[in-house]
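To start, the structure under review is shown below, and the notes come after it.
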Amino acid sequence: MTYKKWIIAASAAAVVIISGTSIMAMAKANPIQIVLNGTELVTAKAAQKVDGVVMLPVKEFGKLFGKEVSYDEKTNTVAVNDKAGVKIAESEDKTIQITGNQTETGTYDHLLIKTPIFSRSLPGYNVMNPSYAPWIEFKDVTGDGEPEVVVILTTGYGTGVYQSNALVYNAQGDQILVEDALTALMKRFKGTYTDKALDVSLDDKHYTLPQDLMFSGGDSNGFKPGIGSVMQFAVKDGKLTATTGVQVSPAEFVGDIKLTYIYKDGLLQAGDASFEFYPEYRP
């Protein structure tokens, strides 16, 4: 039986609101355009105007909001549910998978990791963009001779912004806590301007950059040097690391601080940190 269940969007220029998100179906032109928050969307089946009412197939409507839509002919029921248990990441050897539930806010939540040994719910969420899917590593980051499962989640991205979070589990599925990188670095970093230069202080070391090498004009732009808008976790040479950019304007970063974690007292703690200017800022 051909699927013919339709959802009434509204009449003429219609607005359907679900969980605070609006879709406008504009019937002023042919074909009818579907616009979500100002962006035109393309659907497999076009909206139609029938007896003065603009209608869109409910399955197409579900796709726009990341919903699973099904129809039960016996009960004459259309079911609309969240997409649950979607596989969003897999280890290179395909032995570890992460699944999640697709949300209307552009993220996956209710994350679940499955390994040959254990299954665990993961705290937090990951953005839906497949370019930023969770990253899975199976490496010994504690130095005990046994590899741990390291999961790196991307929680946000955009112009001048990238946020990630690291979760670590031992072979039995017990979580190993990771000290918050930004909190640890904020105690050790300071960025200030002198008359003609930017001074970056990290622990007991100082790094100087002449203001005339900065594209944004240095202290004249009124932006206080800082860290934290970019935080990227990785596993390098058997160590968990966190890298944050030193930001001197909304769009300019001059270098990176790299934090290396050490395992001590059952916790991955912030260890040595180093700073390096980007090549274009080096004398």
*asked:* Connecting only ILVMFWY residues whose side-chain heavy atoms lie within less than 4.5 Å of each other, what is the rest of L111's hydrophobic cluster?
replied: V86, I88, I96, I98, Y108, I113, I117, F118, L122, M128, I136, F138, V149, V151, L153, L167, Y169
Determine all donor-acceptor pairs shorter than 3.5 Å in which one atom belongs to a side chain in residues 226-237; sequence neighbours excluded.
from	atom 1	to	atom 2	distance (Å)
S229	OG	G160	O	3.3
S229	OG	Q247	OE1	2.7

*What are the two closest heavy atoms between E148 and V168, and how far apart are they?*
CB-CG1, 3.9 Å
*Begin from the C-alpha positions of E146 and N170 and carry the test side chain to side chain contact (heavy atoms under 4.5 Å, CB included) through to its verdict.*
CA-CA 8 Å; E146 297 291 335; N170 65 20; over 6 Å; no
*asked:* Can you confirm whether Y162 sits close enough to T154 that some side-chain heavy atom of one is under 4.5 Å from a side-chain heavy atom of the other?
replied: yes
*Is the shortest heavy-atom distance from the side chain of V150 to the side chain of K139 under 4.5 Å?*
no
*What distance separates M186 CE from T244 OG1, expressed to the nearest 0.5 Å?*
9.5 Å
*Y125 vs T105, side chain to side chain contact (heavy atoms under 4.5 Å, CB included): CA-CA, chis, key distance, verdict*: CA-CA 11 Å; Y125 60 92; T105 58; over 6 Å; no
*Validation row: I32, K49 side chains within 4.5 angstrom (heavy atoms)*: yes
_Side-chain touch Q48/M55, heavy atoms, less than 4.5 angstrom_ = no
*asked:* Please list all pairs meeting side chain to side chain donor-acceptor pair (under 3.5 Å) that have one or both residues in residues 187-198, counting only residues at least two apart or in different chains.
replied: R188-D203
Quick one: side chains of residues 267-283, donor-acceptor pairs under 3.5 Å with protein atoms, not counting sequence neighbours, listed by atom name and distance.
from	atom 1	to	atom 2	distance (Å)
Q269	NE2	K264	O	3.0
E276	OE2	R282	NH2	3.0
Y278	OH	D256	OD1	2.6
Y281	OH	E252	OE2	2.6
R282	NE	F277	O	2.8
R282	NH2	F277	O	3.0

*Give a yes or no on whether the backbone of G85 and the side-chain of N101 come within a donor-acceptor separation of less than 3.5 Å.*
yes
*ILVMFWY clustering at 4.5 Å (side-chain atoms), partners of V161*: none
*Atom of F189, atom of V200 and distance for their closest heavy-atom approach*: CE1-CG1, 3.9 Å
*asked:* Checking Y157 now: which residues fulfil ring-ring contact (aromatic ring centres under 6.0 Å, His included) with it, not counting sequence neighbours?
replied: Y132
